[in-house]
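Values below: all heavy atoms of this structure, side chains included; hydrogens, waters and symmetry mates excluded. Keep in mind it's a predicted model, so treat the numbers as computed, not measured.
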Amino acid sequence: MKNIAVFVSGSGSNAENLFRYFEHSSAARVTFLVSSRREAYALTRAANLGLDAAVFFREQLRDPEFALQELKRRGIDYIVLAGFLALVPETIIRAYAGRILNIHPALLPKFGGKGMYGEHVHRAVIEAGERQSGITIHRVNEAYDSGRILFQAAVDVDPDDTPQSLASKIHALEYLHFPKIVEAEILKLE
């Protein structure tokens, strides 16, 4: 049984979805949640689920001894980014090479990179006149949203969509596909 740490910065709805999905998996369990923000609602979700959680501020993430020691102490085998807004340091990427996955709320390579998250992405998609948007699940490397793409799913962008209505469509795709793709990747690597 492998241990997954989910890294978040916001509400943690994807983290909770992953936790609940992996409760019934024979491949892995979500055993640790890392937030980059003390006020993230994800920490409340973790407490409600009885999930071990901690706040890693950017300085702590950049400290290779601190971050890696905390992950290794908990026996973490995989890292999943679910709305994590900080850049993952190279030391963690090297230590977990090929075992860090991210979900992005757009069809990469479009609308990716620093600052492209949440409503910013959805607004940019609508303003660009895109007819489709979706999710991209990819491996994490040293640059934002540029790792190898593993999976994409699309939805139509309707003429009357707002950033909020498009976000709802994207969340539905995330909840449906993200846990299954994470599990499939873990099983492939075992």
Side-chain angles (χ1 to χ4, degrees), residues 2-10 12-15 17-19 21-22 25 27-28 30-37 40 42 56 58 60-64 67-68 70-72 74 76-122 124-125 128 130 132-155 167 170-171 173-190:
K2 299 299 180 182
N3 293 321
I4 301 170
V6 180
F7 283 30
V8 300
S9 294
S13 61
N14 268 311
N17 188 45
L18 287 162
F19 177 85
Y21 180 88
F22 280 101
S25 171
V30 174
T31 58
F32 187 42
L33 181 134
V34 172
S35 175
S36 64
R37 296 173 48 237
F56 286 11
R58 287 196 168 123
Q60 292 168 314
L61 275 172
R62 288 187 197 117
D63 177 347
L68 288 176
E70 289 298 307
L71 294 168
K72 289 182 189 220
R74 290 171 170 90
I76 299 302
D77 301 296
Y78 293 88
I79 297 171
V80 176
L81 310 183
F84 188 66
L85 302 181
L87 188 64
V88 178
E90 287 184 36
T91 53
I92 294 176
I93 291 171
R94 280 194 302 273
Y96 286 88
R99 295 179 291 139
I100 307 175
L101 303 178
N102 182 43
I103 189 161
H104 184 74
L107 298 171
L108 294 174
K110 291 182 174 184
F111 308 104
K114 187 171 173 70
M116 280 287 114
Y117 62 91
E119 271 194 34
H120 300 289
V121 173
H122 307 312
V125 166
E130 295 289 323
Q132 284 195 319
S133 189
I135 61 168
T136 302
I137 300 169
H138 63 91
R139 293 204 187 285
V140 173
N141 61 18
E142 295 81 11
Y144 283 111
D145 301 324
S146 64
R148 185 167 68 84
I149 293 172
L150 302 171
F151 177 83
Q152 291 184 307
V155 294
I170 299 298
H171 284 308
L173 288 177
E174 290 171 344
Y175 301 154
L176 177 64
H177 296 291
F178 197 24
K180 293 175 189 172
I181 299 302
V182 169
E183 183 178 47
E185 287 302 308
I186 289 171
L187 290 171
K188 264 196 248 180
L189 294 174
E190 294 312 308

Kindly determine whether Val88 and Leu61 satisfy side-chain contact (heavy atoms from CB on, under 4.5 Å), including the steps that lead there. CA-CA 8 Å; Val88 178; Leu61 275 172; over 6 Å; no
Please give me the minimum heavy-atom distance between [X] and [Y], naming the atom from each residue.
| X | Y | result |
| --- | --- | --- |
| Ser13 | Tyr175 | OG-OH, 2.8 Å |
| Ala143 | Leu87 | C-CD1, 4.3 Å |
| Leu18 | Pro179 | CD2-CA, 3.7 Å |
| Thr136 | Ala106 | OG1-O, 2.7 Å |
| Ala154 | Leu173 | C-CD1, 4.0 Å |
| Asn14 | Glu174 | ND2-OE1, 3.0 Å |

Distance (rounded to the nearest 0.5 Å) between [X] [atom1] and [Y] [atom2]:
| X | Y | atom1 | atom2 | value |
| --- | --- | --- | --- | --- |
| Phe19 | Phe32 | CZ | CZ | 14.0 Å |
| Phe151 | Ile103 | CZ | CD1 | 9.0 Å |
| Arg62 | Arg58 | CZ | CZ | 7.0 Å |
| Leu71 | Ile76 | CG | CD1 | 6.5 Å |
| Ile137 | Leu81 | CD1 | CG | 12.0 Å |
| Lys2 | Ile186 | NZ | CD1 | 9.5 Å |

**OP:** I would like to know whether Tyr96 and Leu68 meet side-chain contact (heavy atoms from CB on, under 4.5 Å); could you show each step before the answer?
**Re:** CA-CA 10 Å; Tyr96 286 88; Leu68 288 176; 4.1 Å; yes
Can a donor-acceptor pair be found, under 3.5 Å and without considering hydrogens, that links the side chain of [X] to the backbone of [Y]?
| X | Y | answer |
| --- | --- | --- |
| Asp77 | Asn3 | yes |
| Arg139 | Arg148 | no |
| Ser35 | Ala40 | no |

For residues 110-118, which side-chain donor-acceptor pairs fall under 3.5 Å, sequence neighbours excluded?
{"from": "Lys110", "atom 1": "NZ", "to": "Glu130", "atom 2": "OE1", "distance (Å)": "3.2"}
{"from": "Lys110", "atom 1": "NZ", "to": "Glu130", "atom 2": "OE2", "distance (Å)": "3.2"}

So salt bridge (Lys or Arg N to Asp or Glu O under 4.0 Å) across residues 78-102, not counting sequence neighbours, yields Glu90-Arg94
Can you tell whether the side chains of Lys188 and Glu185 come within less than 4.0 Å, N to carboxylate O? yes
Exactly one candidate in Val80, Leu33, Thr31 meets side chain to side chain contact (heavy atoms under 4.5 Å, CB included) with Ile4; the answer is Val80
The side-chain contact (heavy atoms from CB on, under 4.5 Å) partners of Ser9 (sequence neighbours excluded) come to Ser36, Arg37, Phe84, Leu85
Flag for His122-Glu119: side-chain donor and acceptor within less than 3.5 Å:
no
Could you tell me if the side chain of [Y] sits less than 4.5 Å from the side chain of [X], heavy atoms only?
| X | Y | answer |
| --- | --- | --- |
| Ile170 | Ser133 | yes |
| Val140 | Leu101 | no |
| His138 | Asp145 | yes |
| Val34 | Val6 | no |

Verdict with supporting geometry, Ile79 and Phe7, side-chain contact (heavy atoms from CB on, under 4.5 Å):
CA-CA 7 Å; Ile79 297 171; Phe7 283 30; 3.7 Å; yes
Pair Asn17-Phe178, side-chain contact (heavy atoms from CB on, under 4.5 Å): steps then yes or no:
CA-CA 9 Å; Asn17 188 45; Phe178 197 24; 5.6 Å; no
